[in-house]
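Remember, predicted model here, so these are calculated numbers, not experimental data. As a basis for the values below, the full set of heavy atoms in this structure was taken, side chains included, without hydrogen atoms, waters or symmetry mates. Throughout, a chain's letter reflects where its sequence line sits, starting with A, and its residues are numbered from 1.
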2 protein chains.
Amino acid sequence: MTTRTRHTERREEALSRERIAEAAVELLDVAGEGGLTFRALSAQLRTGPGAIYWHVANKDELLAAATDAVLTDALTADTAALAGDAPGTPENAVRAVALGVFDAIDAHPWLGAQLARVASMSTTLRLFECIGRQVQALGVPENAQFDSASALLNYILGVAGQNAANARTQPPGTSRADVLSAESAVWANLDPEDYPFIRNVAAQLRDHDDRAQFLAGVDLILAGIASLR
Amino acid sequence: MTTRTRHTERREEALSRERIAEAAVELLDVAGEGGLTFRALSAQLRTGPGAIYWHVANKDELLAAATDAVLTDALTADTAALAGDAPGTPENAVRAVALGVFDAIDAHPWLGAQLARVASMSTTLRLFECIGRQVQALGVPENAQFDSASALLNYILGVAGQNAANARTQPPGTSRADVLSAESAVWANLDPEDYPFIRNVAAQLRDHDDRAQFLAGVDLILAGIASLR
DNA sequence: ACCTGAACACCGTTCAAGT
DNA sequence: ACCTGAACACCGTTCAAGT
């Protein structure tokens, strides 16, 4: 064995908020929401549980730091992608931001749950600012900008929460198609008397595209906003 | 002291899923999300922690039962209110359902967090069915019904999550006006360079109406849906 | 069938003690 | 200033034992 074992963390580097957040993200990605404990985290960082408290006040702050780290990447990455993309209309900018969040949640399922519960922390505020600027650019009357941006943000966060919830239902690593066909089967077996609508759309659920449906919702709100002008 | 002390729970009644759910709701209302523990619950029910597990599989199921109990009341109450209300258009029915959920969350802040994380449990499905029927009644083309109902549901659940998060930030019992002015102050102090939009709307936040803004979002989506016909 | 309550494994957090 | 790790209080859950 000439290949040296690679540890994700080196013992020599000093602890820092950034390294802690990074390790937390790794742990959340690999082991899910339940996998992030101060003990597991300190083991990965080769230190004691108490050491982490020197840099982070408590678990909420730890989760916020992890959320912030991932979403910062997502928001900067998708505005970059926008440059080489379709026409730079405000509508497309809103779609790009929304999809950036959606894809980040897809890659880190725990992120959805966090975004849906943290509210008004720095992460959500940055997202709100992002959306608000585009709403302004859309030419929405001043007195309707707040409501419009709010609607978009809340819709995005709602989808975030539901995606996270769906991810938690299934064992980690289940493919998206499997999740959909499992859920579709549940819907198809509902009492037709009590659930006529859901049974009707059960077939559509099986082979629909989450991402496309998410975007359809964004477009619906954008159409509503357009009607304000 | 001739007045007899009234206990919320009588020792004599047998345990049941319903009584457990009821007591859980009471505990959540009084002590918040952190107040619901099997020990506290069994103390209130004058029994042992193990007894609860005979009727409820685990804590997730306990929370689901509590959520279900509250939302069932909300959904039946608001459809009743609809009868004596404004014209019975499908739009108004959607508004009534949405406001029913909003007000239920207002009365039980923990409900928002639950709705935002449970997904596809019976509670959310019933809400989805409710909305879907009205979308159908709106005359939305068949192939757009699923997306439209999804958008409405996700928006409602997004607001649910954010309201719950806001409630958790402030100490329990803080008035809505206090929450808003505290948050407004945070917004007004943001760096004007990084957060021009949010600083702009900070003033609107202070004396805005959560409920009205929620309804504005619903109307935005309804306007988007109307544009599909 | 239903309830009791001690016990288990685990968690967030603290803090005296070290360097 | 920063880290260590034992200790505390508490939690979800189990299960042998009771009725």
Side-chain angles (χ1 to χ4, degrees), chain A residues 7-28 30-67 110 113-114 117-118 121 168-169 171-172, chain B residues 7-28 30-67 110 113-114 117-118 121 168-169 171-172:
Chain A
H7 291 287
T8 10
E9 296 300 335
R10 306 262 185 78
R11 181 191 316 257
E12 299 82 14
E13 300 173 51
L15 224 48
S16 71
R17 211 184 148 81
E18 288 72 37
R19 273 190 64 221
I20 291 172
E22 217 173 289
V25 169
E26 224 176 287
L27 218 45
L28 286 163
V30 172
E33 305 181 39
L36 180 63
T37 68
F38 278 85
R39 275 168 247 265
L41 186 59
S42 60
Q44 188 170 16
L45 291 166
R46 304 180 191 281
T47 176
I52 295 170
Y53 280 90
W54 184 261
H55 301 272
V56 160
N58 52 39
K59 189 158 186 185
D60 273 351
E61 203 175 298
L62 177 62
L63 279 164
T67 302
W110 52 270
Q114 273 313 299
R117 37 166 275 132
V118 187
M121 281 311 286
R168 195 176 25 239
T169 304
Chain B
H7 291 287
T8 8
E9 296 300 335
R10 307 261 184 79
R11 180 191 318 255
E12 299 83 15
E13 300 172 50
L15 222 48
S16 70
R17 211 185 149 81
E18 288 73 37
R19 273 190 67 221
I20 291 172
E22 218 173 288
V25 169
E26 224 175 287
L27 219 44
L28 285 163
V30 172
E33 305 182 38
L36 181 63
T37 68
F38 279 85
R39 276 168 247 265
L41 187 58
S42 60
Q44 188 171 14
L45 291 166
R46 303 177 191 284
T47 176
I52 296 170
Y53 280 90
W54 184 260
H55 301 272
V56 160
N58 52 38
K59 190 158 186 185
D60 273 351
E61 202 175 300
L62 177 62
L63 279 163
T67 303
W110 52 270
Q114 273 313 298
R117 35 165 276 132
V118 188
M121 282 309 287
R168 195 175 24 237
T169 304

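- In this structure, the NZ atom of A/Lys59 is 11 Å from the C1' atom of C/dC10, given to the nearest Å.
- The nearest whole Å value for the distance from the CD1 atom in B/Ile20 to the C1' atom in C/dC2 is 11 Å.
- Residue B/Ala66 comes nearest to B/Ala24 through the heavy atom pair CB-CB, 4.2 Å, listed as atom of the first residue, atom of the second, then distance.
- With C/dT13, C/dC3, D/dG12 as the candidates, the nucleotide lying closest to the side chain of A/Pro49 is C/dT13.
- Projected onto DNA chain D by closest heavy-atom contact, A/Arg39 and B/Gly50 fall at different nucleotides, the more 5' of which corresponds to A/Arg39.
- When both distances must be under 3.5 Å, the Watson-Crick or G-U wobble mate of C/dT19 is D/dA1.
- Rounded to an integer number of Å, the gap from CG of A/Leu63 to P of C/dT13 is 10 Å.
- In this entry the distance linking CG of A/Leu41 with C1' of C/dG12 reads 13 Å, nearest Å.
- Regarding B/Ile52, its CD1 atom lies at a distance of 14 Å from the C1' atom of D/dT14, rounded to whole Å.
- Atom CG of B/Leu62 and atom NE2 of B/His55 lie 12.5 Å apart (nearest 0.5 Å).
- We find that CZ of A/Phe38 is positioned 15 Å from P of C/dC15, with the value rounded to whole Å.
- Computed from coordinates, the A/His55 NE2 to D/dC2 P distance equals 7 Å when rounded to whole Å.
- Heavy atoms of B/Leu36 sit under 4.0 angstrom from primed sugar atoms or phosphate atoms, though from no base atom.
- In this structure, B/Arg46 places its CZ atom 16 Å from P of C/dC3, rounding to the nearest Å.
- Pair assignment for D/dT14: C/dA6, on the basis of Watson-Crick or G-U wobble contacts that are both within less than 3.5 Å.
- Residue B/Trp54 places at least one side-chain N or O under 4.0 Å from the OP1 or OP2 atom of C/dC2.
- Nucleic acid contact class of B/Leu62 (heavy atoms, under 4.0 Å, all strands): none.
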Could you give me the CA-CA distance, side-chain angles and deciding distance for B/Glu22 and B/Arg17, then say whether salt bridge (Lys or Arg N to Asp or Glu O under 4.0 Å) is met? CA-CA 9 Å; B/Glu22 218 173 288; B/Arg17 211 185 149 81; over 6 Å; no

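- Atom CD in B/Glu33 sits 7.5 Å away from atom CG in B/Leu28 (nearest 0.5 Å).
- Remark: B/Leu36 CG to B/Leu63 CG distance equals 5.5 Å, nearest 0.5 Å.
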